[in-house]
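Order of listing sets the numbers, starting from 1, for every ligand and every atom in it.
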Amino acid sequence: MIHVAVLGYGTVGSGVVEVIEKNKDMVNKKAGDELDVKYILDLRDFPGDPYEDKVVHDFDVIVNDPEVGIVCEVMGGVGAAYTFTKKALEAGKSVCTSNKELVAAHGPELIALAKANNCNYLFEASVGGGIPIIRPLNYSLTAERIEAITGILNGTTNYILSKMENEGADFESVLKKAQDKGYAERNPEADVEGHDACRKIAILSSLMLGQHVDSDKIYTEGITKITAKDFTFAKKLGMSIKLLAMSKALEEDKAVAMVSPCLIPADHPLKMVNGVFNAVFVRGNMLGDSMYYGRGAGKLPTASAVVSDVIDCARHMGKVIMCFWDAKEANLVSIDDTSRKFFVRMDNKGENLAKQLFGDIKPVRVEWIEDEFAFITPEMTEKEFATKYASLSDYAYGRIRVEE
Ligand code: HSE
């Protein structure tokens, strides 16, 4: 029997216990041993809960129990979660987590610590919820040189953008409805400002490069400035707007990464990813493109990914599962010199100036929006675009990157 401790009995933690219990036969068969949830760590008590007798309030009970072989850290944050993870790994207990903030900030250190103690630090649930993406990068695509990763990595913002597109509604009203229904957090900043997607693409980029990508150095733009009118013009152009997290390996061991809302064409593989769903698009130099799609958040999808890691740990007790993510910092270049097209929405009065600056543009108009038009620029660097767009500032209402 392998004893498991769950740190945090919230949404994901209770899901982990539920998955292990509901799929007991299958889970035990695949783990090659019986899994037993021995402890649940939480500050609260849960009177009446079927697992109330497993609840403890002191982490030392867990770390000092030699029977515990695997710890699920589903508390979140980088405070106690970081301390407990280190203590568990130092005690030779494998840790499985959904905590993207901690993985993005301290991944290489915790992986190295696990290795030094003959155990594992696994984090399948930290990106894309229930979608297998960490394991494919670590196990399945090992013959590939990964050239690029593009994903819709945040369910909340994808839900908001899908609603705005389908209902012609503005960001604020959709966000409010999403909060009322519990789909968006009361403090939505991490999601709507792109920080959550940034941490996730930092993790995927680190695995792509085998070196640490610092999430603070990734250019990140959220969806708060996207308007109903942007969607109206995008539709007229046959395009959609998605919050994309992108990362590309460049020559000479360099890389570039960013999180930004982007216009994508109707035939883009990520166009059909709607609502709370996530998808990750990976380009390898031998396989070409592959895509991973599914539920990127939620109790059971996320718990399923955590338990898949528990099973992996159970299969490898006393053995280290290789993971290539060095502490050495990856050479991330600025996005300034990367090139793309841009969508611009502006006042009719600036049309001549826009033509002077951007050349032969094709203005797009919508009957009921009389004073405005939109256009897509030729491909140019971010730097060049920023200069030209600044010259348009008296007339411009907004700009969005285009990803074809
Ligand atoms: N807030 C995240 C999302 C949860 O909306 O995708 C999953 O990481």
Side-chain angles (χ1 to χ4, degrees), residues 8 10-16 19 72-78 81 96-105 107 122-135 137 149-165 171 174-207 215 218 220-224 226 241-246 259-261 270 273-281 292-309:
T11 308
V12 181
S14 57
V16 166
V19 172
C72 301
E73 185 274 295
V74 286
M75 308 163 56
V78 289
C96 310
T97 189
S98 57
N99 186 345
K100 60 235 159 181
E101 206 180 342
L102 185 59
V103 177
L122 301 186
F123 43 91
E124 181 60 72
S126 65
V127 181
I131 309 172
I133 182 60
I134 303 295
R135 206 164 278 113
L137 289 174
I149 298 177
T150 307
I152 292 176
L153 298 179
N154 183 269
T156 306
T157 47
N158 204 45
Y159 171 86
I160 292 172
L161 292 176
S162 301
K163 279 263 178 206
M164 287 176 72
E165 180 165 38
F171 169 77
V174 176
L175 172 63
K176 170 130 197 351
K177 273 190 206 155
Q179 285 173 315
D180 291 345
K181 287 186 174 166
Y183 295 156
E185 305 274 350
R186 281 285 134 210
N187 178 359
E189 192 183 332
D191 292 317
V192 300
E193 296 293 358
H195 305 312
D196 177 79
C198 170
R199 288 175 194 129
K200 291 167 177 170
I201 196 68
I203 295 170
L204 297 184
S205 307
S206 299
L207 294 175
S215 60
I218 296 178
T220 300
E221 191 179 307
I223 63 163
T224 53
I226 304 294
I241 305 169
K242 300 284 187 194
L243 182 68
L244 299 186
M246 300 175 279
V259 174
S260 169
L270 294 174
V273 181
N274 290 313
V276 294
F277 280 81
N278 282 195
V280 191
F281 197 69
Y292 308 83
Y293 168 82
R295 290 189 183 276
K299 176 177 168 169
L300 293 177
T302 309
S304 169
V306 175
V307 176
S308 79
D309 280 346

query = What residue and atom, counting heavy atoms only, is the protein's closest point to atom 1 (N) of ligand 1, and at what distance?
reply =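 Checking every protein heavy atom, the shortest distance to atom 1 (N) of ligand 1 gives Asp191 OD1, 2.9 Å.
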Atom 8 (O) of ligand 1 - nearest protein heavy atom and its distance =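 Checked against all protein heavy atoms, atom 8 (O) of ligand 1 sits closest to Lys100 NZ, 2.6 Å.
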ask   = For Lys299, does the NZ atom sit with more than 12 other heavy atoms under 6.0 Å from it, leaving out its own atoms?
value = yes
key: Polar contact flag for Gly155 and ligand 1 (N/O pairs, less than 3.5 Å)   = yes
message = For the 3.5 Å polar cut-off, considering only N or O atoms, please tell me whether Asn278 and ligand 1 meet it.
response = no
task = Compute the minimum heavy-atom distance from Gly296 to ligand 1 and say whether it is under 4.0 Å.
result = yes
task = Mark the output for Glu185 as yes if a heavy-atom distance to ligand 1 is under 4.0 Å, and as no if none is.
result =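 Not so, Glu185 does not reach ligand 1.
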request  = Determine which pairs satisfy side chain to side chain donor-acceptor pair (under 3.5 Å) with at least one residue from residues 124-135, sequence neighbours left out, and list them in order.
outcome  = Arg135-Ser308, Arg135-Asp309, Arg135-Asp312
Any donor-acceptor pair under 3.5 Å from Asn278 side chain to Val280 backbone =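 No.
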inquiry  = Treating Asn158 as the side-chain partner and Gly275 as the backbone partner, does any N or O pair qualify as donor plus acceptor under 3.5 Å?
reply    = yes
note = Near Ala297 (heavy-atom distance under 4.0 Å), the atoms of ligand 1 are 4 (C), 7 (C)
request  = Using only heavy-atom distances, determine whether the side chains of Asn274 and Lys163 contain a donor-acceptor pair under 3.5 Å.
outcome  = no
query = Can you check side-chain contact (heavy atoms from CB on, under 4.5 Å) on Val273 and Tyr293, steps first, answer last?
reply = CA-CA 8 Å; Val273 181; Tyr293 168 82; 3.9 Å; yes
Shortest heavy-atom approach to atom 5 (O) of ligand 1 - which of Thr156, Asp196, Thr302 =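 Shortest heavy-atom distance from atom 5 (O) of ligand 1: Thr156.
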